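Heads up: the structure comes next, in structure tokens.
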There are 2 protein chains.
Amino acid sequence: MKLRLRTLALAMAAAGAAGAMGVAAVASTTSAEPIQPIVRTPPADRQMVELGKKLFFDPRLSRSGFISCNSCHNLSMGGTDNVRSSIGHHWAQGPINAPTVLNASFNVAQFWDGRAADLKAQAGGPIANPGEMGFSHEMAVDVLRSIPQYVDEFTRVYKKAPLDIEQVTQAIAEFEKTLVTPNSRFDQWLQGDTKALSAQELAGYQLFKGSGCVACHNGAAVGGGSFQKMGLVSPFKSSSSSLGRYEVTKQEADKYYFKVPTLRNIELTYPYFHDGSAATLHDAVDVMGQVQLGRRFTADENDKIVAFLKTLTGDQPAIVLPVLPPSGDKTPRPQPFN
Amino acid sequence: MKLRLRTLALAMAAAGAAGAMGVAAVASTTSAEPIQPIVRTPPADRQMVELGKKLFFDPRLSRSGFISCNSCHNLSMGGTDNVRSSIGHHWAQGPINAPTVLNASFNVAQFWDGRAADLKAQAGGPIANPGEMGFSHEMAVDVLRSIPQYVDEFTRVYKKAPLDIEQVTQAIAEFEKTLVTPNSRFDQWLQGDTKALSAQELAGYQLFKGSGCVACHNGAAVGGGSFQKMGLVSPFKSSSSSLGRYEVTKQEADKYYFKVPTLRNIELTYPYFHDGSAATLHDAVDVMGQVQLGRRFTADENDKIVAFLKTLTGDQPAIVLPVLPPSGDKTPRPQPFN
């Protein structure tokens, strides 16, 4: 136990780690690496998770009846939509790249600018955003309250009627907390399987640590623990108008600060950066080297780092598609075209 | 065996049954009812089905990278999108209601106007339709050929490279053939469980048979076996400009003929009719009575028929969401906004 705690302290120190990282995840390794294996913990309330899964996949939380959480955080595609910026209500172009929902519970806060403290607070955002799901909390709740099987299920889970938006967002958040991706090859290596990585991948990891990437991309989620300036060493030219953390704090010093994204499953979550401007991992590593570290990686170095990054793809959540309860006769119908 | 064949012949006669109905499904019942239990048969090629499932869920078959087969044939929602007409590329409004993909292999042909002979022929349609997925077969194949894991999987399944659109549509069709929904309460009743239906539901079934609905809605899929005129007894006023079967045959006599939709899982596949104009089952039964049968069902009759129709909801396919292979560095990127 003493050894374990000491190892934990070392790991936390090495990582410059924020409290948002799962302590359980850290404690499970005996290594002092700045990255810890990610661990899936059993949900506290399975019924709530099942309800949240339905809501996550239910496009009736949007005005059109067409867009669900899964539309932009597609669990077939690393919890993202793999486009530069998302498509919203009436084909609105989103202002920012959709971050992955996988391992999002490890983030210090949600959204690129951290404007939501946690997953529950985040879940309400897109529903009411005119350029995303284009609905309102009131209308979404009205729809759900009109669906008999949902009413029954909410009552079973919460023992409190009528259902409300707090229950809706809590259930979605509880489902999202289960979207953790353990057992990547890198985690296998962290846990002692020395053959889990090739020489090239291991060289990539050494470069990743040695050149400073790990200063921000650390902890169980290999990121997600802090806000950092995009364009730390040289300006990052972007088509996005987002000012990042400044939008929340209105502090001049927070301009262009964004939440450091997780690198877990990064092979699946292209394109990269808050503006989705890097189409490939090679592009992303190249730009990061220049604007964050003031360094031009050689092609060989770039290849090695990319090879390492691809070892961070973990077991994707095994999602059995929910069967959604049918609308009742009085359920307000979606309005996709007006 | 003799008895079985005679029963089969009776059932076929009672149903006015088309060849499209699965004979296996009919033979499994010993009843002479005009509806037969629906039976899920094991797929011929599981690897092809798995590949087809990936393709069914892959939005990279659309120009935007946002729309997959599952967008409009959502397997969480009875294989439909539950809107009057579908949302396509750039939020295009579709001309017709998306029919369910569930049990679609039992249809005499595909699309409301039957312009595709089978599921394989159907699968290519939406990909290249400018108002649906907005892509082309060539571009879709280019995308798939650039994704290393797909190339491997197609080669494993087809033993023939390079992959082509025929392979793509065949795999999707083979997946769709697995989307069969057995074990509805009505099927349990057909198979001898006399307690599976309530008195009201059974009365609804008797009305369904006695008033003529069953003339078109029969067989294992309770429909899907023939084309019939929408507005047989009195004109059906529609906002849709579709002329139905006429669009295919250009025969005057085929105007306003549409494929009879399956009533399997009808509780889940609202809104109803080719124009999606009936929001509820009560509406649909009312209109059908008037325009097809020249009859006004009383509220009590309507309730009974609706109660019966809801017994046709079968076990929904248990779909484990596929994990899609990531795009390669050279994969053409989706173009949602230009």
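Quick caveat: nothing in here was measured; it's all calculated off a predicted structure. In the text below, chain A, chain B and the rest are named by the order of the sequence lines, each starting its count at 1.
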Contacts with chain B made by residues 319-327 of chain A (heavy-atom distance under 4.5 Å), listed by residue number: A:I319, A:V320, A:L321, A:P322, A:V323, A:L324, A:P326, A:S327
Between A:M77, A:Q93, A:H282, the one whose heavy-atom pairs under 4.5 Å with chain B are most numerous: A:Q93
Listed once per pair and sorted, the ring-ring contact (aromatic ring centres under 6.0 Å, His included) pairs that draw on residues 311-336 of chain A, sequence neighbours left out: none
Segment of A:S86 engaging chain B (4.5 angstrom heavy-atom cut-off): backbone
Region of A:N82 in contact with chain B, defined by heavy-atom distances below 4.5 Å: backbone
Portion of A:P336 that has a non-hydrogen atom of chain B nearer than 4.5 angstrom: both
Interface residue of largest heavy-atom contact number with chain B, from A:L268, A:V83, A:I87, A:D329, under 4.5 Å: A:I87
Closest heavy-atom pair and its distance - A:Y270, B:R60: OH-NH1, 3.4 Å
Spacing of A:N74 atom CG and B:S68 atom OG [to the nearest 0.5 Å]: 7.5 Å
Minimum heavy-atom distance B:F66-A:C72, with the two atoms named: CE1-SG, 4.4 Å
Greatest number of heavy atom pairs closer than 4.5 Å to chain A - which of B:H90, B:H89, B:Q316, B:K54: B:H90
Choice from A:T313, A:T280, A:T269 maximising heavy atom contacts with chain B below 4.5 Å: A:T280
Over all atoms of both residues, closest heavy-atom pair of A:G88 and B:W91: O-CZ3, 3.8 Å
When A:G78, A:G65, A:A279 are compared by non-hydrogen pairs under 4.5 Å with chain B, the top option: A:A279
Six-ring centre of A:F337, B:R84 cation under 6.0 angstrom, axis tolerance 45°: no
